[in-house]
There are 2 protein chains.
Amino acid sequence: MCADTPDFARALKEAGLRVTQQRVTVMSVLMDCGDHPNADEVLARAKGVDDSISLATVYRTLASLEEAGIIRKLAIENAPARYESTPAAEHDHIVDIDTGEVIEIASDEINLLREKIVQQLGYDIISQTTLIRARKRG
Amino acid sequence: MCADTPDFARALKEAGLRVTQQRVTVMSVLMDCGDHPNADEVLARAKGVDDSISLATVYRTLASLEEAGIIRKLAIENAPARYESTPAAEHDHIVDIDTGEVIEIASDEINLLREKIVQQLGYDIISQTTLIRARKRG
DNA sequence: TTTCGTGCAAAAATTTTGCACAAGC
DNA sequence: GCTTGTGCAAAATTTTTGCACGAAA
């Protein structure tokens, strides 16, 4: 599911970004196929790899990677933004309102439907995010 | 499209909230069927009705009304949260990335589809929001 | 009259930025 | 060597909170 030999340096170069240790570190944290960390959590994990990295750099790196389309930012109600590596297949997110856990769900059909509607309105989709706040049954 | 004789006091009582001038003012601003103002904008409009209202009260009122399900909060990337009166029919939002304008689109089919998927995962939907960042074509 | 809401100002939380230095190309 | 990125600390932005007073029930 994860790329087994991820070449972060190459991805950065292709995006026209300078290859720095900090950017590679942040990428490795986010590409590590797990959850959807916020900036603080990215910093904490990055510090595990490179203790000298700063929060300012994390924010700047997240912004650059987002702009390059390498990662995605999820705006969440009443909580700091979370980040994920840009998924190959589009998906939506369930936020468990009790645990805060974020679960991904596939949404191919949904997105096709939506794309059609948006196109009809004369818009081109740049990005889209669905957040479903939900509670586990029973 | 808008309720023609909105009884904000009644809605507040039914939600178990005390009826204050400030809450009625904020409700009237948000029920006024227009766009999706952020807290600052709500304050500015509310001041048109009652100049003494404060930003702190606006935030507290927005939080109460949201908790009561009367209004909804939209978390937006790289921008302050926006608010809307809870819609009768669920809809998604397009954010025009050039103008910041927010456009509503119907999403009944989409939501049915999504609800089915979420149910299958053992969750009940509390609320859902879709934000589509898009750019006007041509 | 008792409880709850409000305004103000101060604080918290998250994110951004100026500047001097370090690192990439 | 020139350009860009980084760390630090300070600032900007958005949102929350303590407290004394005022309004609602």
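First the proteins, then the strands, lettered A, B, ... as listed; each starts at 1.
- Side-chain contact of A:D50 with A:Q22: a donor-acceptor pair under 3.5 Å is absent, judged by distance alone.
- Closest to the side chain of A:S52, out of D:dG7, D:dA25, C:dT15, is D:dG7.
- Contact annotation for B:R23: backbone-only contact, meaning every heavy-atom pair under 4.0 Å involves sugar-phosphate atoms and none involves a base.
- Residue contacts shown for B:A63 are absent, as no nucleic acid heavy atom lies under 4.0 Å away.
- Side-chain contact annotation: A:Y83 with A:N38, donor-acceptor N/O pair under 3.5 Å absent.
- One can place NZ of A:K47 at 7 Å from P of D:dC8, the figure rounded to the nearest angstrom.
- The listed nucleotides are D:dG7, C:dC25, D:dT14; the one nearest the side chain of A:V19 is C:dC25.
- Contact record, B:A15 with B:I70: CB-CD1, 4.2 Å, taken as the closest heavy-atom pair.
- Between B:T20 and B:A56, the residue whose closest nucleotide on DNA chain D is further toward the 5' end is B:A56.
- OP1 or OP2 of D:dT16 has not a single side-chain nitrogen or oxygen of B:Y59 nearer than 4.0 Å.
- Residues A:R133 and B:Q128 bring no donor and acceptor atom of their side chains to less than 3.5 Å of each other.
- Phosphate proximity of C:dG7 to B:T57: present, with a side-chain N or O under 4.0 Å from OP1 or OP2.
- Rounded to an integer number of Å, the gap from CG of B:N78 to C1' of D:dT13 is 13 Å.
- Rounded to an integer number of Å, the gap from A:I76 CD1 to D:dT15 C1' is 17 Å.
- Judged by closest nucleotide on DNA chain D, B:K73 is the one of B:R18 and B:K73 placed further toward the 5' end.
- Rounded to whole angstrom, the span from the CG atom of B:L12 across to the P atom of D:dA25 amounts to 10 Å.
- C:dT14 atom P lies 16 Å from atom CG of A:L74, rounded to whole Å.
- Contact between the side-chain N/O atoms of A:Q21 and the OP1/OP2 oxygens of C:dA22 is not found at any separation under 4.0 Å.
- Considering every non-hydrogen atom in both A:S85 and A:M31, the closest pair reads CB-SD, 3.3 Å.
- Counting distance only, with no hydrogens placed and no angle test, the side-chain atoms of B:R60 and the base atoms of D:dT16 include no donor-acceptor pair under 3.5 Å.
- Nucleic acid contact for A:L55: base, since at least one base atom lies under 4.0 Å from a heavy atom of the residue.
- Rounding to whole angstrom units, NZ of residue A:K13 and C1' of D:dT4 are separated by 16 Å.
- Following rounding to the nearest Å, B:Q22 (CD) and C:dT6 (P) show an atom-to-atom distance of 5 Å.
- Atom CG of B:D40 and atom P of D:dA12 are 16 Å apart (whole Å).
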